[in-house]
Amino acid sequence: MVLHCRCSWARLVLVGIWTNNSQYRPGDVVQYGGDRYVVNEGRRPLGIRCTIASDYTKILEGYNFRGSWVDGVEYLPNDIVKQGGHLYR
């Protein structure tokens, strides 16, 4: 895989699961659902969602096992849930 992004940083720092009230620096790596994104530019929070191409670049697609499915819970892309003996994404 070749990673192309508009980057002015020379470091990657894993900061954990994305939250909408955090501010991130270029080079920070956040988890959103099962995927990992690196912050390209700016110090602003993700705001709407972390799939805004100009601010974030997906660097790893993965899965996030969330356990048993619960009605009313907001699941994110590539979350895996179990219901009735089956796994769903």
Side-chain angles (χ1 to χ4, degrees):
M1 178 175 87
V2 177
L3 173 66
H4 296 283
C5 63
R6 296 185 309 263
C7 305
S8 60
W9 40 265
R11 66 164 182 76
L12 293 177
V13 177
L14 183 60
V15 296
I17 296 173
W18 174 84
T19 64
N20 63 358
N21 59 354
S22 294
Q23 290 197 342
Y24 300 101
R25 297 174 45 203
D28 286 349
V29 177
V30 295
Q31 177 179 339
Y32 184 77
D35 301 330
R36 306 308 184 275
Y37 294 83
V38 65
V39 179
N40 293 330
E41 304 292 340
R43 295 181 54 91
R44 59 189 160 162
L46 287 158
I48 299 170
R49 290 285 181 236
C50 70
T51 55
I52 301 170
S54 63
D55 295 333
Y56 296 84
T57 298
K58 185 188 297 189
I59 60 172
L60 178 66
E61 186 170 310
Y63 300 104
N64 184 30
F65 184 72
R66 299 282 303 267
S68 295
W69 179 79
V70 177
D71 187 27
V73 170
E74 178 183 354
Y75 294 102
L76 302 174
N78 292 330
D79 280 348
I80 304 293
V81 295
K82 180 180 178 183
Q83 182 183 30
H86 298 282
L87 296 177
Y88 297 92
R89 179 175 87 166

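Quantities reported herein were computed from a predicted structural model and do not represent experimental measurements.
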Do F65 and V81 share a hydrophobic cluster (ILVMFWY, side-chain heavy atoms under 4.5 Å, transitive)? no

Does one hydrophobic cluster hold both V39 and V13, with members joined at side-chain heavy-atom distances below 4.5 Å? yes

Single-linkage hydrophobic cluster, 4.5 Å side-chain cutoff, I17 and V30 together: no

Does the side-chain contact (heavy atoms from CB on, under 4.5 Å) test come out yes or no for L76 and N64, once each step is laid out? CA-CA 9 Å; L76 302 174; N64 184 30; over 6 Å; no

Take R66 and V73 through the test side-chain contact (heavy atoms from CB on, under 4.5 Å) and record every step on the way to the result. CA-CA 10 Å; R66 299 282 303 267; V73 170; 3.7 Å; yes

Look at the side chain of Q31 and the backbone N and O of G33, then say whether any donor-acceptor pair between them is shorter than 3.5 Å. yes

Taking side chain as C-beta onward, heavy atoms only, is T19 less than 4.5 Å from Y24? yes

Rounded distance (nearest 0.5 Å) linking atom CG of D28 with atom CG of N40: 11.5 Å

Donor-acceptor pair, Y75 side chain versus R89 backbone, under 3.5 Å? no

Look up atom CD1 in I80 and atom OH in Y88, then write down how far apart they are to the nearest 0.5 Å. 12.0 Å

Quick one, Y32 with Y37, criterion side-chain contact (heavy atoms from CB on, under 4.5 Å). Give me CA distance, side-chain angles, the key distance, then yes/no. CA-CA 7 Å; Y32 184 77; Y37 294 83; 3.9 Å; yes

